[in-house]
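Order of listing sets the numbers, starting from 1, for every ligand and every atom in it. Count residues from 1 along the sequence. Nothing here was measured: the structure is a model prediction, and the numbers come from that model. Values below: all heavy atoms of this structure, side chains included; hydrogens, waters and symmetry mates excluded.
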Amino acid sequence: MMRSEMEQDILKVLITEEELKTRITELGNQLYDRFQGRNPLFLGVLKGSFMFMTDLVRACQLKSDIEFIAVSSYQNATVSSGCVQITHDLQQDITGRDVIIVEDILDSGTTLAFLKEYFLTKGAASITIVTLLDKPSRRTKAISADFAGFTVPDEFVVGYGLDYAQRYRNIPYIGVLKPEVYAGT
Ligand code: IMP
Ligand code: MG
C-alpha cells in the first residue's frame with residue numbers, strides 16, 4: 001500500500017488508477033483513428049491536465065506535438081470565479097493547426113468556451129476538445145466535449161492533476177474531497 005499524507009482528506013475514491021489507465025488507452029486509440037495521417041497539436045490546459053496530458057500522448061502514438069497554456073479561474077475556491085485569466089500564454093504559432101485541447105474537467109464550461117474562442121482567433125484550423133472528466137450538471141455555457149473520459153456527479157473531485165487550493169494533484173486516482181476540508185471557502 002502506498003503511503004499518503006492526503007488519504008485522510010478523501011471521502012471516497014471515484015475513479016481508480018486502473019480505471020483511468022484503461023479509459024485513457026481507449027481515448028488514445030480513438031484519437032489515433034481520428035487524426036491518423038495528420039499532425040495535430042495536443043494543447044494541455046495547465047495545471048490540472050498535466051497528468052492526463054502525459055498519459056494521453058503516450059497512449060496515442062501519432063506524429064503530433066505538444067503545447068501548453070495556463071489559465072486560472074478558481075482563486076482557491078471550489079466554484080469558478082467565472083473570469084478566465086491566461087497566466088502562461090502559447091509559445092508557438094497555432095495558425096492552421098488541428099488543435100486537440102486536453103482538459104482535466106469540463107464543469108461550467110467557462111474555461112473551454114473561452115479557450116476555444118481564443119484558439120480560433122489565433123488561427124487554429126480545427127478544435128477538438130478532450131476532457132478527462134465531464135460534470136454536465138453544472139454547465140452554464142453551450143459547450144460539450146468531443147471526447148470525455150468519465151461523467152462525474154456534482155461533487156468536488158481531486159487527484160490525478162485536479163487540485164483544491166493547489167493541493168492533492170499528486171493523488172494517483174480521482175477522489176471526492178471531504179467537505180470539511182474546504183468548509184468556509
Ligand atoms: P469551468 O470553467 O467551470 O468549466 O471549470 C473548469 C476548470 O475548473 C477545470 O479546468 C478545473 O481546473 C476546475 N474544476 C472544475 N471542477 C473541479 C473539481 O471538481 N475539482 C477540481 N477542479 C475543478
Ligand atoms: Mg483545468
Would you say [X] touches ligand 1, if touching means a heavy atom closer than 4.0 Å?
{"X": "Ser108", "answer": "yes"}
{"X": "Lys135", "answer": "yes"}
{"X": "Glu155", "answer": "yes"}
{"X": "Ile105", "answer": "yes"}

From Leu162, Asp107, Asp163, Val157 - option closest to atom 20 (N) of ligand 1 by heavy atom =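 The option holding the nearest heavy atom is Val157.
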ask   = Say you draw a straight line from CG of Asp89 to OH of Tyr118; how long is it, rounded to the nearest 0.5 Å?
value = 3.0 Å
note = CG (Leu20) and CZ (Phe52) are apart, to the nearest 0.5 Å, by 9.5 Å
Pairs satisfying side chain to side chain donor-acceptor pair (under 3.5 Å), at least one member in residues 123-134, at least two apart =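 Every side chain to side chain donor-acceptor pair (under 3.5 Å) pair that includes a residue of residues 123-134, provided the two are not neighbours, is Asp98-Ser126, Asp134-Arg139.
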request  = Give every residue pair that meets the side chain to side chain donor-acceptor pair (under 3.5 Å) criterion with at least one member in residues 24-36, sequence neighbours excluded.
outcome  =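 Found Arg23-Glu26.
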ask   = Salt-bridged, Arg167 to Asp9, with N to O below 4.0 Å?
value = no
ask   = Is it true that atom NZ of Lys21 has more than 12 heavy atoms of other residues, nucleotides or ligands lying nearer than 6.0 Å?
value =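 Not more than 12 within 6.0 Å, no.
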remark   = ligand 1 atoms nearer than 4.0 angstrom to some heavy atom of Asp104 are 9 (C), 10 (O), 11 (C), 12 (O)
query = Which part of Thr111 is near ligand 1, with near meaning a heavy atom under 4.0 Å away: side chain, backbone, both or neither?
reply =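 Thr111 to ligand 1: contacts from backbone and side chain alike.
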